[in-house]
A.B. asks: 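Take a look at this one; I'll ask things after.
Nothing fancy with the numbering, it's 1 onward along the sequence. Atom set for the values below is all heavy atoms of this structure, side chains included, hydrogens, waters and symmetry mates excluded. Remember, it's a predicted structure, so these values are computed and weren't measured experimentally.
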Amino acid sequence: MRFFGPSRRKPAEPDANFPGLDREKANDLRTELRKAAEQRGAAIRINGRMILLDHPRLGKVSADVSGAVRQLGSSVHPKASQRIATSLVDQMLASPQGQGSETASVYASLRPRLVSVEDGQGTFTSDTATTIVLDTGQGFKTMSDDALSRIDDPETLRHAASVNLRADIESTFDVQVSDHGGGVVAIEAVGSELASAATELELVLDTFAPRIPRDKGLLFAIPAHGTILVSPVGEGEELVASLNHMAKVAVTYPTRQPLSRLLHFWHEGHVDTLSSFDQEARAIVITPNDYLTRLLRFDGNPEG
């Protein structure tokens, strides 16, 4: 009589359905895919390299996960499984179901885009606003709410654009990270619209500069369309020096098409603009918010 015990295949051996991943990474990806689908109200079935999502409002959609598997196989980021699974599920649910390939192509071609504004009424920072553009293959066309509504619900399309941007951050931008002194780090992708990815600043940092501390928030600037400058937030005199240096770098950063010359602050997804120009004095004025003002005190306590 022959007895069959537990499988002797080790966790480090390649997964049969997700080639390029060991069993542990493959199982992590499956777990994160199920979690992401559940969080969005969709049922999920994983069959080999194919996944099927069934959403009560959006219907059924399937996708091959080979691209996600390759992406995870080349990543060493500790949250790679979660990020890749979330991005894939979001992209699947953002795609229009039961519509023609032309409409699906429109969804895939939408991106958020930051533009300069001069009235101090920006929707992202005081001097920039978020618009939606369509990549026509020959250039980018700004889409008004009326133009979006002729395609689908504008909020649904804005969500699709954000999903596309997150996918670009994780797989498309060719980025260089360099030190600009005084704690300022430049994240640059020449010839791109990387600055618009500042609307997903935490993902940008996770992807390109995960070691930059952000527990107290971040100073950041978007002086050029292809550049994001970031600097950690310290306390007391260190913070004073960081504010002054970052504001100077934002103003003097070399570019023919500036986007924003001001200094901004990010903390837990919230953005404040900290600097302005005094035209009469021809000087930069930095006005810390209440949170940073407390950090500027000698005890560095932001809570009290």
A.B. asks: So, for R49 and S66, which heavy atoms are closest and what is the spacing to 0.1 Å?
C.D. replies: CD-OG, 3.6 Å
A.B. asks: Donor-acceptor pairs under 3.5 angstrom involving side-chain atoms of residues 187-205: please list them, not counting sequence neighbours.
C.D. replies:
residue : atom : partner : partner atom : Å
E188    : OE2  : Y253    : OH           : 2.4
S192    : OG   : A189    : O            : 2.7
S192    : OG   : L194    : N            : 3.1
E193    : OE1  : H225    : ND1          : 3.2
S196    : OG   : L114    : N            : 2.9
T199    : OG1  : S196    : O            : 2.8
E200    : OE2  : R166    : NH1          : 3.3

A.B. asks: In this structure, would L239 and L262 fall into the same cluster of hydrophobic residues linked by side-chain contacts under 4.5 Å?
C.D. replies: yes
A.B. asks: Give the intermediate values and the outcome of side-chain contact (heavy atoms from CB on, under 4.5 Å) for residues L52 and N47.
C.D. replies: CA-CA 8 Å; L52 174 69; N47 183 15; over 6 Å; no
A.B. asks: Could you go through residues 244-252 and list every donor-acceptor pair under 3.5 Å that involves a side-chain atom there, pairing it with any protein atom two or more places apart or in another chain?
C.D. replies:
residue : atom : partner : partner atom : Å
N244    : ND2  : V240    : O            : 3.3
H245    : NE2  : G181    : O            : 2.9
T252    : OG1  : K248    : O            : 2.8

A.B. asks: Is P258 close to P223 at the side-chain level, that is, under 4.5 Å between some pair of heavy atoms?
C.D. replies: no
A.B. asks: Set out, in order, the CA-CA distance, both residues' side-chain angles and the distance that settles side-chain contact (heavy atoms from CB on, under 4.5 Å) for T255 and R261, then state yes or no.
C.D. replies: CA-CA 11 Å; T255 177; R261 290 298 193 180; 3.5 Å; yes
A.B. asks: Does atom CG of D174 have more than 12 heavy-atom neighbours, drawn from other residues, nucleotides or ligands, at distances under 6.0 Å?
C.D. replies: no
A.B. asks: Enumerate the side-chain hydrogen bond (donor to acceptor under 3.5 Å, both in side chains) contacts for residues 115-125, please, sequence neighbours excluded, ordered by first and then second residue.
C.D. replies: T125-D127, T125-T128
A.B. asks: Taking all non-hydrogen atoms of both residues into account, name the closest pair between P14 and R23 and its distance.
C.D. replies: O-CG, 4.3 Å
A.B. asks: Which residue pairs satisfy the side-chain hydrogen bond (donor to acceptor under 3.5 Å, both in side chains) criterion with at least one member in residues 205-215, sequence neighbours excluded?
C.D. replies: R83-T207, D206-R214
A.B. asks: For H264 versus A221, what's the shortest heavy-atom pair and its separation?
C.D. replies: CD2-CA, 4.3 Å
A.B. asks: Pair I284, F277 - check side-chain contact (heavy atoms from CB on, under 4.5 Å), show working.
C.D. replies: CA-CA 5 Å; I284 304 168; F277 292 112; 4.0 Å; yes
A.B. asks: Indicate the atoms forming the closest heavy-atom contact of I84 with A68, along with that distance.
C.D. replies: CG2-CB, 3.6 Å
A.B. asks: Indicate if V89 and L72 have the same hydrophobic cluster label, given that clusters are the connected sets of ILVMFWY residues with side-chain heavy-atom separations under 4.5 angstrom.
C.D. replies: yes
A.B. asks: Examine F173 together with F208 and report whether their ring centres are nearer than 6.0 Å.
C.D. replies: no
A.B. asks: How is the hydrophobic cluster of V163 composed, in terms of its other members, when Ile, Leu, Val, Met, Phe, Trp and Tyr link through side-chain heavy atoms under 4.5 Å apart, directly or indirectly?
C.D. replies: none
A.B. asks: Might you point out which heavy atoms bring W266 and V271 nearest each other, and give the distance in Å?
C.D. replies: CD1-CG2, 4.1 Å
A.B. asks: Tell me if a side-chain donor or acceptor on T273 pairs with a main-chain N or O of S126 at a distance below 3.5 Å.
C.D. replies: yes
A.B. asks: Are D15 and V69 close enough, and set up right, to give a side-chain contact (heavy atoms from CB on, under 4.5 Å), and what steps lead you there?
C.D. replies: CA-CA 11 Å; D15 186 87; V69 168; over 6 Å; no
A.B. asks: Using the rule that two of Ile, Leu, Val, Met, Phe, Trp, Tyr join whenever any of their side-chain heavy atoms come within less than 4.5 Å, decide whether V184 and I212 are in one cluster.
C.D. replies: no
A.B. asks: With the 4.5 Å side-chain cut-off for hydrophobic clustering, are L165 and M143 part of the same group?
C.D. replies: no
A.B. asks: In residues 31-42, what donor-acceptor pairs under 3.5 Å come from side-chain atoms, sequence neighbours left out?
C.D. replies:
residue : atom : partner : partner atom : Å
T31     : OG1  : N27     : O            : 2.9
R40     : NE   : D90     : OD1          : 2.5
R40     : NH1  : A36     : O            : 2.9

A.B. asks: So, D146 and S144: side-chain donor and acceptor under 3.5 Å apart, yes or no?
C.D. replies: no
A.B. asks: Less than 6.0 angstrom from the centroid, inside 45 degrees of the normal: does R113 satisfy that with respect to the ring of F140?
C.D. replies: yes
A.B. asks: With the 4.5 Å side-chain cut-off for hydrophobic clustering, are I44 and L88 part of the same group?
C.D. replies: yes
